[in-house]
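Only one structure is covered here, and it is reproduced in the block below.
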There are 2 protein chains.
Amino acid sequence: MQERRPTLADVAREAGVSVTAASRVVNGGRGVAPHVRRRVQAVIDRLAYRPSPAARALAAGRADVVELVVVDDGECSLGSNPYCGRVVAGIAAELAGSPAQLRIHVVDESAAPRRLVEVAGAASLGAILVNVPADLGADFYRRCDRVVSMGRSAPRVPFIDPDNVAGARAAVDHLYRGGRRRLAAIHGPERNPCAIGRRTGYQEAMRDAGLPPLGAGGNFRREGGYAGTQRLLADHPDLDALFVACDVMAVGALQALAAAGRRVPDDVAVVGFDDSLLVSCTIPPLSSVRQPVEEMAATATRALLGGHLAAWQSTFPTTLKVRESSRPDPRRGRGRLRRRPAGWPRG
Amino acid sequence: MQERRPTLADVAREAGVSVTAASRVVNGGRGVAPHVRRRVQAVIDRLAYRPSPAARALAAGRADVVELVVVDDGECSLGSNPYCGRVVAGIAAELAGSPAQLRIHVVDESAAPRRLVEVAGAASLGAILVNVPADLGADFYRRCDRVVSMGRSAPRVPFIDPDNVAGARAAVDHLYRGGRRRLAAIHGPERNPCAIGRRTGYQEAMRDAGLPPLGAGGNFRREGGYAGTQRLLADHPDLDALFVACDVMAVGALQALAAAGRRVPDDVAVVGFDDSLLVSCTIPPLSSVRQPVEEMAATATRALLGGHLAAWQSTFPTTLKVRESSRPDPRRGRGRLRRRPAGWPRG
DNA sequence: TTGTACGCGTTATCAC
DNA sequence: GTGATAACGCGTACAA
């Protein structure tokens with residue numbers, strides 16, 4: 001179907017120079033006379049020469065490939081979780097224009113330990129980890145230090161994460177200012193680092209506000225949000241606000257509230273976390289704490305390409321996106337607002 | 001950080017055989033004495049030998065890589081469209097276990113013509129195309145015949161698609177049996193092959209039912225669903241069912257209906273298309289025509305790996321998933337025209 | 001059945 | 001500034 005692709009040797013011969021010179025031109029290397037460079041470049045364009053990634057990888061001992069490793073535990077799979085897609089989009093955007101490419105490994109939870117060893121051994125530019133448990137992250141890091149974890153991992157593993165604590169605090173703050181006082185939360189998985197941060201933020205903010213924390217445990221699934229809301233409604237029928245640790249669960253919460261006959265936001269205000277594509281799909285549209293996943297993934301990618309990763313880490317600010325699900329109820333008067341206690345977090 | 005990875009030569013030396021024999025064992029080739037095979041295999045395991053993809057690609061002239069090409073036109077980006085994630089998941093699942101890997105190219109609409117040429121030129125195992133317009137698909141096929149388009153493309157380009165026509169018919173059928181007679185549709189982009197199939201199915205089914213088609217054009221975005229629904233409500237205030245060409249638009253439709261004070265499914269039944277993760281996020285849960293995207297992507301991948309792609313094509317059955325948004329209204333008799341509920345219409 | 005030797009397209013080292 | 005040339009790790013005719 002296609003002719004043999006032109007090689008560097010073809011270019012060199014055609015331009016009347018050595019392959020070394022041609023290689024230098026291709027790679028923008030130093031030590032080539034300007035007129036030679038121009039001549040070679042012309043030939044490259046004419047032949048539509050593209051270097052062979054395989055040969056380049058073999059010779060250089062490293063491939064221009066960023067590995068994306070996603071551990072699929074049912075909650076976080078590419079097919080069913082908006083987060084993963086955003087990560088891919090962010091990496092892809094950063095890689096566009098560079099010769100580097102993105103390779104994806106979706107590994108089943110059970111096969112993860114084995115598969116991660118393989119990927120770590122074969123990684124070149126580096127790897128980005130999504131939903132990789134801390135112990136496996138540490139293991140990976142031991143084998144390959146060119147790695148960034150999306151979200152905190154084991155202590156020394158480079159990571160990038162959103163400011164979960166501040167995000168949760170902002171959500172509580174916003175709900176409090178809207179006059180809500182029976183302010184409950186649905187948390188994520190017990191030991192998930194993101195979930196821990198969001199729970200901490202909620203608890204700190206509630207303590208600062210002098211309110212009792214009302215929490216229900218959960219996973220990061222819709223069903224968990226639904227069940228958690230049912231439990232909370234049973235235990236605290238008078239609750240008037242919900243902070244939910246992720247959008248997917250928040251969707252379940254909205255459904256549970258609707259099923260229980262509570263109006264949103266009139267009876268109960270709801271704020272989710274992630275600001276995923278789901279927020280505009282609910283009725284009413286969901287307030288949510290935005291984490292800039294695409295930018296974070298792009299930053300992680302840049303860090304990998306850059307190289308200096310020793311103890312690298314980065315925390316991105318989160319921003320509260322207020323939508324219909326948490327508009328202040330006009331019936332709640334300002335008079336019901338408590339005075340701000342000392343140490344109340346700034347917005 | 002890591003020792004030099006063992007090479008095939010290491011394995012051969014360690015096992016006391018030639019590299020050829022070792023290579024045969026690695027690749028499961030024929031012509032190796034059983035006891036030799038076992039001995040070599042033992043060494044491979046002991047050294048944890050993994051063949052170098054780069055060297056293999058260079059020597060064999062082809063890399064074990066499946067290229068996924070997604071044209072990002074704003075409607076179909078990995079970050080914001082559930083469909084793309086499902087494709088990735090399907091390919092990844094099929095590739096798990098094989099040495100082949102998945103490489104992702106998200107190409108901007110404007111850069112698509114240029115980028116597709118590059119990918120086609122460098123493709124090895126082959127490519128899977130998502131949201132690639134027919135003309136570009138034809139162009140790609142001309143340069144590289146190891147390609148499958150997700151959804152119909154230009155005439156000779158191998159493709160895999162859901163049975164859009166039958167899916168749409170099933171949706172209309174279901175709504176009709178639920179007693180709906182003022183049955184409108186919101187279509188997808190004018191020239192999108194999937195959208196065309198769904199529109200055709202709707203129109204055929206309506207004709208067969210002896211009902212006048214009521215259609216509004218749209219894109220595949222939520223806003224399009226919202227606007228289309230508003231238009232339809234304005235033009236046909238008595239409509240009692242909506243078939244929407246994709247879930248994302250259906251979400252918009254649900255919102256528009258809610259804003260207009262129409263109850264779902266009591267006043268208006270809604271059926272979407274795709275059965276994406278959105279269906280369980282709406283209130284009420286959305287009936288939808290399921291297309292098995294993951295399986296389709298896996299099948300496409302298998303086809304690529306298999307090789308015989310000349311004029312290959314495959315159409316997958318769609319199945320209607322009935323949920324709350326289109327439950328038959330008990331007040332409606334089967335086949336009887338509906339009675340107007342009290343308090344309607346308004347606005 | 002087994003082994004030798006060359007080629008794949010590129011980078012990098014070192015002489016010129 | 002330029003150019004031979006040796007790796008890089010593997011597949012595979014071809015010879016034994």
Side-chain angles (χ1 to χ4, degrees), chain A residues 2-41 43-44 47-65 99-101 118 121-125, chain B residues 2-41 43-44 47-65 99-101 118 121-125:
Chain A
Q2 66 257 22
E3 310 292 316
R4 188 179 63 83
R5 287 179 48 181
T7 73
L8 198 55
D10 295 330
V11 172
R13 181 168 16 80
E14 203 77 6
V17 299
S18 70
V19 287
T20 309
S23 174
R24 289 203 178 103
V25 172
V26 170
N27 298 308
R30 315 168 61 81
V32 183
H35 66 281
V36 173
R37 181 181 296 277
R38 267 195 301 279
R39 199 170 66 220
V40 173
Q41 188 60 54
V43 174
I44 288 174
L47 299 184
Y49 164 78
R50 311 253 72 197
S52 148
R56 179 174 278 195
L58 181 59
R62 60 192 155 68
D64 271 353
V65 175
Q101 284 168 325
E118 294 180 16
S124 55
L125 280 183
Chain B
Q2 65 261 21
E3 311 291 318
R4 187 179 62 82
R5 287 180 48 182
T7 72
L8 197 56
D10 295 330
V11 172
R13 180 164 19 77
E14 203 77 7
V17 299
S18 71
V19 287
T20 309
S23 174
R24 290 211 177 98
V25 172
V26 170
N27 298 311
R30 317 175 62 80
V32 184
H35 66 282
V36 174
R37 181 180 296 277
R38 268 194 300 278
R39 199 171 67 220
V40 173
Q41 188 60 55
V43 175
I44 289 175
L47 299 184
Y49 165 77
R50 309 254 71 195
S52 149
R56 179 175 279 196
L58 183 58
R62 59 190 160 67
D64 271 354
V65 175
Q101 284 168 325
E118 293 180 17
S124 55
L125 280 184

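Because the structure is predicted, anything quoted here is derived from the model rather than measured. First the proteins, then the strands, lettered A, B, ... as listed; each starts at 1.
Sorted pairs that involve residues 23-38 of chain A and meet salt bridge (charged side-chain N to carboxylate O under 4.0 Å, His left out), not counting sequence neighbours, are lacking altogether.
Taking 3.5 Å as the limit, the base of D:dG3 and the side chain of A:R24 contain a donor-acceptor pair of atoms between them.
Nucleic acid contact class of A:V36 (heavy atoms, under 4.0 Å, all strands): sugar-phosphate only. Within 4.0 Å (heavy atoms only), A:T7 reaches sugar-phosphate atoms of the nucleic acid but no base atom.
Taking side-chain N and O atoms only, B:S52 has no distance below 4.0 Å to OP1 or OP2 of D:dC10. Remark: A:S18 is in phosphate contact with D:dG3, judged by side-chain N or O atoms under 4.0 Å from OP1 or OP2.
From the 5' end on, the contacts that DNA chain C makes with chain B at under 4.0 Å to a non-hydrogen atom open and close at C:dT1 to C:dG9.
The side-chain contact (heavy atoms from CB on, under 4.5 Å) test applied to B:A59 returns no partner, not counting sequence neighbours.
If you check D:dG11, D:dG9, D:dT2 against the side chain of B:R56, the one that comes closest is D:dG11. Distances were taken from every side-chain heavy atom of A:V19 (C-beta onward) to each of D:dT5, D:dT2, D:dC10; the shortest belongs to D:dT5. Taking the side chain of B:T20 as heavy atoms from C-beta on, and the options D:dC10, D:dA13, D:dT2, the nearest nucleotide is D:dA13. Nearest nucleotide to the B:A55 side chain, out of D:dT12, D:dG9, D:dA4: D:dG9.
Taking atom CG of residue A:L58 and atom P of nucleotide D:dA6, one finds them 17 Å apart after rounding to whole Å. Computed from coordinates, the A:L8 CG to D:dA4 C1' distance equals 14 Å when rounded to whole Å. Rounded to an integer number of Å, the gap from A:R30 CZ to D:dG1 P is 9 Å.
Across every non-hydrogen atom of A:A12 and A:A22, the tightest pair is CB-CB, 4.2 Å. Minimum interatomic distance between B:V19 and B:A9 (heavy atoms only, all atoms of both residues): CG1-CA, 3.8 Å.
In this structure the side chain of B:V17 reaches within 4.5 angstrom of the side chain of B:R39, judged on heavy atoms. A 4.5 Å side-chain heavy-atom check between B:L8 and B:S23 finds at least one atom pair inside the cut-off.
Toward the 5′ end of DNA chain C lies the nearest nucleotide of B:V17, the other residue of the pair A:R50 and B:V17 mapping further downstream.
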Residue pair A:V11, A:E14: steps toward the side-chain contact (heavy atoms from CB on, under 4.5 Å) verdict: CA-CA 5 Å; A:V11 172; A:E14 203 77 6; 5.8 Å; no
